[in-house]
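Numbered from 1 within each chain, the chains take letters A, B, ... in sequence-line order. These figures come from a predicted structure and were not determined experimentally.
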2 protein chains.
Amino acid sequence: MFSIGTLSRRTGVKIPTIRYYEDMGLLPEPERTAGNQRRYSQAGLDRLGFIKHARDLGFTIEAIRALIELHEHPDHSCATANAIANAQLSDVQAKIARLKRLETELQRIATHCDGSGTAGDCYVLTSLADHSLCETAH
Amino acid sequence: MFSIGTLSRRTGVKIPTIRYYEDMGLLPEPERTAGNQRRYSQAGLDRLGFIKHARDLGFTIEAIRALIELHEHPDHSCATANAIANAQLSDVQAKIARLKRLETELQRIATHCDGSGTAGDCYVLTSLADHSLCETAH
DNA sequence: CTTGAACCTCTAGTTCCTAGAGATGTTACG
DNA sequence: CGTAACATCTCTAGGAACTAGAGGTTCAAG
């Protein structure tokens, strides 16, 4: 049996976050000692690892809830899991596309200003004030 | 003079968000009609445009506060503005790098599962449960 | 002058945690 | 077996950047 601190060390998930996941229903309520402290089984540790991994990949709590539900029922179709993963992939790709546009714009803005002038003719500030100077949509 | 709704339509910033920016001190308190409604000048509209543009580029409220402060003092050095823009650029680049790693992993996971099987041998779920299957760090 | 759209303030909710207070439990050492 | 030192408990609040809703007032057009 593992204490919450051990779980935290082994998974890299902070203690309050573990309790938060329990409140959210992602982790089942573990056994307790006579003094009311949480004691986890290997299954609890594995479950937290699953959640951590999914969070690292950017899945929302809701998506993880659905994935766990499927994980608990090995006989169910995995179409939902596939759909969730693909939705997450699209989401990540959309974010990358957007951030690349921002990167282009920020590079343009930042390289036109070396920080040696005054705010009055700073390209950073001028650009922000006048969107028409931008080359890409954002 | 513009009403808050006009400002909203012209900038694409929602009305409650405009009031929120006012609360946060990014927008000065505008004049009011006898009936207590906000009436903005062209300067107010321009200011909101500046904020909107900066938010679209991902600057935080705090960063925008600093940028506005500089914008108000054209005689100050623009070194700070330059530093803020470069910090934002680095931030965006770091996010892109991370998301690209996630994209790789998600692609790998999703393409191994076409959604036709059962949860028991779903690669999406197996991957989440076993981090060692991953090829990149995240 | 009336109607309907727009506006007002205020509170609370969203997401995913994080921080802190104050109390209690567990464990290793002597 | 006692006592430090450390871990854990619950509960509340905060943070970022909004968004939503209730309940009430004002504006502008006809």
Side-chain angles (χ1 to χ4, degrees), chain A residues 1-27 29-40 44-45 48 50-68 84 87-88 91-92 95 98 102 138, chain B residues 1-27 29-40 44-45 48 50-68 84 87-88 91-92 95 98 102 138:
Chain A
M1 304 300 270
F2 314 106
S3 70
I4 198 168
T6 305
L7 239 70
S8 174
R9 255 170 271 120
R10 294 248 209 136
T11 59
V13 177
K14 289 186 185 140
I15 292 174
T17 307
I18 296 174
R19 293 198 273 249
Y20 169 75
Y21 288 157
E22 184 181 321
D23 286 350
M24 293 299 100
L26 296 189
L27 280 173
E29 293 186 13
E31 290 174 42
R32 300 278 185 146
T33 63
N36 201 36
Q37 297 194 356
R38 292 170 179 79
R39 285 299 115 97
Y40 296 90
L45 178 56
L48 183 57
F50 183 102
I51 296 167
K52 162 82 162 132
H53 194 185
R55 280 299 298 137
D56 283 350
L57 287 168
F59 288 94
T60 64
I61 300 287
E62 269 322 295
I64 295 170
R65 205 192 298 282
L67 291 169
I68 286 173
I84 292 172
Q88 178 59 16
D91 195 59
V92 165
K95 280 184 181 143
R98 175 177 149 79
L102 300 195
H138 49 260
Chain B
M1 303 300 270
F2 313 108
S3 70
I4 197 168
T6 305
L7 239 69
S8 175
R9 254 169 275 121
R10 293 248 211 140
T11 59
V13 177
K14 291 187 185 136
I15 291 174
T17 307
I18 296 174
R19 293 197 273 246
Y20 169 75
Y21 289 158
E22 184 181 319
D23 286 349
M24 293 298 101
L26 295 188
L27 279 174
E29 294 186 13
E31 291 174 41
R32 302 276 184 146
T33 62
N36 201 35
Q37 298 194 357
R38 292 169 179 79
R39 286 299 119 98
Y40 296 91
L45 178 58
L48 184 57
F50 183 103
I51 295 168
K52 162 80 164 136
H53 194 186
R55 281 299 297 135
D56 283 349
L57 287 167
F59 289 93
T60 64
I61 301 287
E62 269 323 295
I64 295 170
R65 206 191 298 284
L67 291 169
I68 286 173
I84 291 172
Q88 178 60 15
D91 195 61
V92 165
K95 281 185 180 143
R98 176 177 149 77
L102 300 195
H138 49 260

(request) Take nucleotides 6-11 of chain D nucleotide by nucleotide from the 5' end and write B, S or -, depending on whether a protein heavy atom sits under 4.0 Å from the base, only from the sugar-phosphate, or from neither. (result) --SSB-
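- Side-chain contact between B:Leu57 and B:Gln88 is absent, with no heavy-atom pair separated by less than 4.5 Å.
- Using a 4.5 Å cut-off on side-chain heavy atoms (C-beta onward), B:Gln37 and B:Arg32 make no contact.
- Side-chain contact between A:Thr6 and A:Tyr40 is absent, with no heavy atoms from C-beta onward closer than 4.5 Å.
- Between D:dC18 and B:Tyr21, a contact under 4.0 Å exists linking OP1 or OP2 to a side-chain N or O.
- A salt bridge is absent between A:Arg19 and A:Asp23; no separation between the charged side-chain nitrogens and carboxylate oxygens falls under 4.0 Å.
- Here the side chains of B:Met1 and B:Pro30 are not in contact, with every heavy-atom distance at 4.5 Å or above.
- When DNA chain C is scanned in the 5' to 3' direction for atoms under 4.0 Å from non-hydrogen atoms of chain A, the outermost contacting nucleotides are C:dC16 to C:dT26.
- Residues A:Tyr20 and A:Leu26 are not in side-chain contact: their nearest non-hydrogen atoms beyond the backbone lie 4.5 Å or more apart.
- At a threshold of 4.5 Å between non-hydrogen side-chain atoms, the residues B:Val13 and B:Leu7 do not count as touching.
- Within residues 57-65 of chain A, no residue has any heavy atom closer than 4.0 Å to DNA chain D.
- Residues A:Leu48 and A:Phe2 fail the side-chain proximity criterion, which asks for heavy atoms closer than 4.5 Å.
- Distance alone, capped at 3.5 Å, places no donor-acceptor pair between the A:Arg55 side chain and the A:Ile64 backbone.
- In this structure the side chain of B:Arg39 reaches within 4.5 angstrom of the side chain of B:Ser3, judged on heavy atoms.
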